[in-house]
Amino acid sequence: MLRILNSQSREKEEFKPLDPAGRKVRIYCCGPTVYDSLHIGHARAYIVPDVIRRYLEHKGYQVRYVTNFTDIDDKIIKRALKEKRSWREITDTYIGESHALMHRLNIRPADGFPRATDHIDEMLEIVKLLMDRKHAYAASDGDIYFDTGSYARYGNLSKRKLDEEEAGLSGRVDEERLKVKKNPGDFILWKLNKNDKGELQAGGDKVPRWPSPYGDGRPGWHLECSAMSRRYLGVPFDIHCGGKDLLFPHHEDEKAQTECAYCDELSGAESVRYWVHNEFITVDGEKMAKSSQEKMGRSNVKWVREMIWPEGPYDPMALRMMLLSSHYRSPVDFSLEMLDEATAKLERIYNALEGLARISGENPNETGSWRKTSEEMALLEDAGTQTIGVPLLKAVVRAESAFESSMDDDFNTAGALGVIFELVSAVNSELAKRAGQECSPAERIGFQHASQTIRKLLGILGLREWRETLSGGAEAGLSALLLEIRALARQGKQFPLADAIRDGLLKLNFEIKDLPGGKSEVRKK
RNA sequence: GGCCGCGUACCCAAGUGGCUAAGGGGACGGUUUGCAAAACCGUUAUUCGCCGGUUCGAGUCCGGCCGCGGCCUCCA
């Protein structure tokens, strides 16, 4: 039984889809505001729903997953003005980069990636509904605000009582805006172009605007998520993901808007069934706020792009492994040591898989079908009765069920990884006993079964099944040639030459590994 | 001030009141090896920030304290 810690109830609740048939699950995740490159906090925020989606699919659910790009925001406009580029150029650049990085991190593409600016009409529809229902008002300066005092449930997600909040404590309140609002917590739905100040006003025509019944302007934050989640998932939907900082005010506001605008469709229900919030990644014990960019810029550990291949030194899967090694609701204080450890973890798994492939004759480049023929199933049973097979196949069975138990407990990926490593140890132990020996057809199937199980579990966590090998072309050709020369040197006991080749490649960040059975290979380091 | 989270070995980290407190990294000893890597075997928490309480039994529940962090109007 899958249980999810729901931020709203703050308890682990049994997961039951809203779908009456119990098959379809709808998930929404707040995507990035695209005015800058993605940092490792983003990586965590998008890997979490990716794993949730993969696990739910593993459990047989049919998942529809949507995540957005917020491509209209004051920060985007400011950045565009500063760089003397159009805001479209800025957003297109970072949307493109986001897709590329998510691909590298093995985050499966969502079923939809809607952009805020493609949904202005939907947003204005919400504003109209809120105005009609008296949940919104035009302030004295013409901006449209949501009236938080008009909705009794406001605050029931973040458990905040408005009168207990101290407005302005975050130091981000605009004093002038506070004066025109009915309640300090009221937030902008539609911002008139003419109400810009400072840099934005100076931007003139370069500041994007859309016509509306309230005057030319742009939508407020929060509105895009209400509009796009309803359009692509409907109301209500099952799971809403996002970083913990979004819980308030973003999700509280989004929820209020949706529930007030679409109260007919919801008829009293909450707009989201399970709220899932991931904890932060800190660096040196502090939040990687975008506001402290200068500090982060110096420490050189913030940007995903600079950390992972091809630009950075780390396998993207190491970053993924690092993030999955702790529970998504635990804070992580990032360090490069953690990435090094994660790299070692990956190595351990891939070494075991390659050991299995060697003994069982699997082809690592084939994703192989999971389904075994009845003949193979019979052999697998035989393998279970053979001395070598018994402990290993028991370990496989135990791992599959322990993995599921961990993941069922609020997606405990750290526990699930522990399970994989226990299986890896069992595999290595068995392989060590069989070093240099032939195995029977039954045992071969047994080893393949262990390999397939490990790879299946890796797949649920979104970790690549095999070590990334050198792509074809010159790199692969040259390294093969060097290996050949080195093999000849070793045969002739010319070890200084053999070592010169290995040391030389190491300086170029390639590593030669001599494998059991006399073969060698070159890997990216 | 309000709300929330965290504190488990040298480091990272899991742990649904109950058999010996997962797992990874590191370190040390042994096996294997041209060397290296990988891998195997073994060692590395009588104890879970501190103090009380509930219970036959607490890392897990309750209370207090200490320390660290987050949110409280455009942050993942």
Side-chain angles (χ1 to χ4, degrees), chain A residues 3 7 10 12 29-33 38-46 48 70 73-75 155 158-161 163-174 177-178 181 184-188 220-222 241-250 253 277-282 285-291 321-322 325-327 329-333 335 337-338 340-345 347-348 351-352 354-355 402 405-406 408-409 412-422 424-425 428-433 435 490 493 495 498-499 502-503 506 511-516 520:
Chain A
R3 299 196 314 150
S7 305
R10 293 175 183 175
K12 282 182 192 169
C29 171
C30 287
T33 302
L38 298 187
H39 55 66
I40 47 181
H42 290 112
R44 185 181 213 186
Y46 309 135
V48 167
T70 297
D73 172 275
D74 286 5
K75 284 186 177 172
S158 57
K159 304 285 184 277
R160 276 156 213 262
K161 295 189 176 68
D163 47 0
E164 285 171 4
E165 290 294 306
E166 267 185 56
L169 258 194
S170 73
R172 282 191 274 186
V173 170
D174 183 333
R177 294 204 166 278
L178 213 49
K181 294 198 269 190
D186 293 354
F187 51 92
I188 285 210
W221 191 36
H222 322 310
C241 298
K244 211 187 172 190
D245 52 347
L246 295 181
L247 198 140
F248 187 87
H250 181 59
D253 293 352
H277 290 99
N278 62 279
E279 255 293 349
F280 287 110
I281 293 183
T282 55
E286 279 181 18
K287 186 187 173 188
M288 296 189 303
K290 289 180 179 178
S291 52
M321 173 65 89
M322 186 203 94
S325 292
S326 56
H327 191 265
R329 290 209 183 241
S330 299
V332 167
D333 193 32
S335 67
E337 288 69 32
M338 294 175 86
D340 290 332
E341 280 184 21
T343 304
K345 288 184 178 186
E347 283 289 304
R348 184 165 168 79
N351 286 334
E354 286 167 9
S405 305
S406 272
D408 271 352
D409 184 12
N412 185 351
T413 54
L417 278 168
V419 170
I420 292 179
F421 282 108
E422 281 176 355
V424 163
S425 291
N428 282 336
S429 181
E430 214 56 60
L431 289 176
K433 283 185 210 159
R490 289 175 78 204
K493 303 251 187 265
F495 296 120
D499 292 348
R502 186 170 60 199
D503 296 345
L506 202 57
E511 198 170 15
I512 289 183
K513 303 265 185 181
D514 295 328
L515 305 171
S520 304

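So you know, we letter chains A, B, ... as the sequences are listed, proteins then strands, and number each from 1. The basis for the numbers below is simple: all heavy atoms, side chains too, and nothing from hydrogens, waters or symmetry mates. Because the structure is a prediction, the values reported are computed rather than measured.
The interatomic distance linking A:Leu247 (CG) with B:C4 (P) rounds to 11 Å, in whole Å. The distance between atom CG of A:Leu246 and atom C1' of B:C4, rounded to the nearest whole Å, is 15 Å. The separation between A:Arg348 atom CZ and B:A39 atom P is 6 Å, rounded to whole Å. The interatomic distance linking A:Phe495 (CZ) with B:C35 (C1') rounds to 8 Å, in whole Å. The nearest whole Å value for the distance from the CG atom in A:Leu515 to the P atom in B:G34 is 15 Å. Nucleotide B:G23 holds its P atom 22 Å from the CE atom of A:Met322, rounded to whole Å. With rounding to whole Å, A:Glu279 atom CD is found 12 Å from B:C68 atom C1'. In this structure, A:Arg490 atom CZ and B:C35 atom C1' are separated by 9 Å, rounded to whole Å.
The phosphate of B:C74 has neither OP1 nor OP2 within less than 4.0 Å of any side-chain N or O from A:Thr70. In terms of phosphate contacts, A:Asn412 brings no side-chain nitrogen or oxygen within less than 4.0 Å of OP1 or OP2 of B:A14.
If you check every strand for non-hydrogen atoms under 4.0 Å, A:Ser425 touches sugar and phosphate atoms only. Residue contacts for A:His327: at a heavy-atom cut-off of 4.0 Å it reaches the sugar-phosphate backbone alone, with no base atom in range. Among the atoms of the strands shown, base atoms are found under 4.0 Å from some heavy atom of A:Arg502. Using a 4.0 Å heavy-atom criterion, one finds that A:Ser158 contacts the sugar-phosphate atoms exclusively. If you check every strand for non-hydrogen atoms under 4.0 Å, A:Phe280 touches a base. Heavy atoms of A:Asp186 sit under 4.0 angstrom from at least one base atom. Among the heavy atoms of the strands, none lies under 4.0 Å from A:Ile420. At a threshold of 4.0 angstrom between heavy atoms, the contacts of A:Gly41 include nucleobase atoms, whether or not backbone atoms are also involved.
The side chain of A:Arg10 lies closest to B:C4, out of B:C4, B:A39, B:A14. Of the candidate nucleotides B:G15, B:C3, B:A38, B:C3 has the atom nearest to the side chain of A:Lys159. With B:G25, B:A38, B:C40 as the candidates, the nucleotide lying closest to the side chain of A:Ala344 is B:G25. Listed candidates were B:G24, B:C74, B:A14. Nearest to the side chain of A:Lys345 is B:G24.
Looking at A:Asp499, its side chain comes within 3.5 Å of the base of B:G34 through a donor and an acceptor atom. The base of B:C35 lies close enough to the side chain of A:Asp514 for a donor and an acceptor atom to sit less than 3.5 Å apart.
Across the P atoms, B:A9 and B:G5 are found 22 Å apart, a figure rounded to whole Å. Across the P atoms, B:C61 and B:C6 are found 10 Å apart, a figure rounded to whole Å. A gap of 12 Å separates the P atoms of B:G7 and B:C12, to the nearest Å. Comparing B:G1 with B:C65, their P atoms are spaced 12 Å from each other, to the whole Å. If you take atom P in B:G63 and the same atom in B:C3, they sit 13 Å apart, rounded to whole Å. Between B:U8 and B:G2, the distance separating the two C1' atoms is 30 Å to the nearest Å.
Mapped onto RNA chain B by nearest heavy atom, A:Val419 and A:Ser325 fall at different nucleotides, with A:Ser325 at the one closer to the 5' end. Comparing A:Lys244 and A:Asp73 by the nucleotide of RNA chain B that holds the closest heavy atom to each, the one mapping nearer the 5' end is A:Lys244.
Checked against side chain to side chain contact (heavy atoms under 4.5 Å, CB included), A:Thr413 has the following partners two or more places apart in sequence or in another chain: A:Val51, A:Leu324, A:Met407, A:Leu461. For A:Glu279, the side chain to side chain contact (heavy atoms under 4.5 Å, CB included) test picks out A:Arg44, A:Lys244, A:Pro331, with sequence neighbours left out. Taking the ring pair (Phe, Tyr, Trp, His ring centres under 6.0 Å) definition, one finds that A:His327 meets it with nothing, sequence neighbours left out. Not counting sequence neighbours, the partners of A:Thr282 by the side chain to side chain donor-acceptor pair (under 3.5 Å) test are A:Asp333. With sequence neighbours left out, the side chain to side chain donor-acceptor pair (under 3.5 Å) criterion links A:Lys513 to no other residue. Here A:Glu337 pairs with A:Ser335 under the side chain to side chain contact (heavy atoms under 4.5 Å, CB included) rule; sequence neighbours left out. With sequence neighbours left out, A:Asn351 forms a side chain to side chain donor-acceptor pair (under 3.5 Å) with A:Arg467. The side chain to side chain donor-acceptor pair (under 3.5 Å) check on A:Asp514 picks up A:Arg486, A:Arg490, A:Ser520, with sequence neighbours excluded. A:Asp73 meets the side chain to side chain contact (heavy atoms under 4.5 Å, CB included) test with A:Thr33, A:Lys75, A:Ile76; sequence neighbours excluded.
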Inset, instruction - Assess whether side-chain contact (heavy atoms from CB on, under 4.5 Å) is satisfied between A:Ile281 and A:His39, documenting all intermediate values. - result: CA-CA 10 Å; A:Ile281 293 183; A:His39 55 66; over 6 Å; no
Inset, instruction - Please lay out, stage by stage, how A:Val332 and A:Met338 fare under the test side-chain contact (heavy atoms from CB on, under 4.5 Å). - result: CA-CA 10 Å; A:Val332 167; A:Met338 294 175 86; 3.8 Å; yes
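The OG atom of A:Ser158 sits 12.0 Å away from the CG atom of A:Leu246 when rounded to the nearest 0.5 Å. Atom CD of A:Glu511 and atom CG of A:Leu506 lie 6.0 Å apart (nearest 0.5 Å).
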Distances for protein N/O vs nucleotides 27-31 of chain B N/O pairs under 3.5 angstrom?
none

Inset, instruction - Could you encode protein contacts along nucleotides 6-11 of chain B as a string, one character per nucleotide from 5' to 3', using B for base contact, S for sugar-phosphate-only contact and - for no contact, with a heavy-atom cut-off of under 4.0 Å? - result: -----B
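With a 3.5 Å limit on both pairing distances and Watson-Crick or G-U wobble geometry required, the stems of 3 or more pairs in RNA chain B span B:1-7 with B:66-72, B:10-12 with B:23-25, B:26-31 with B:39-44, B:49-53 with B:61-65.
A:Ser429 contributes no side-chain N or O that, together with a main-chain N or O of A:Ser425, makes up a donor-acceptor pair within less than 3.5 Å.
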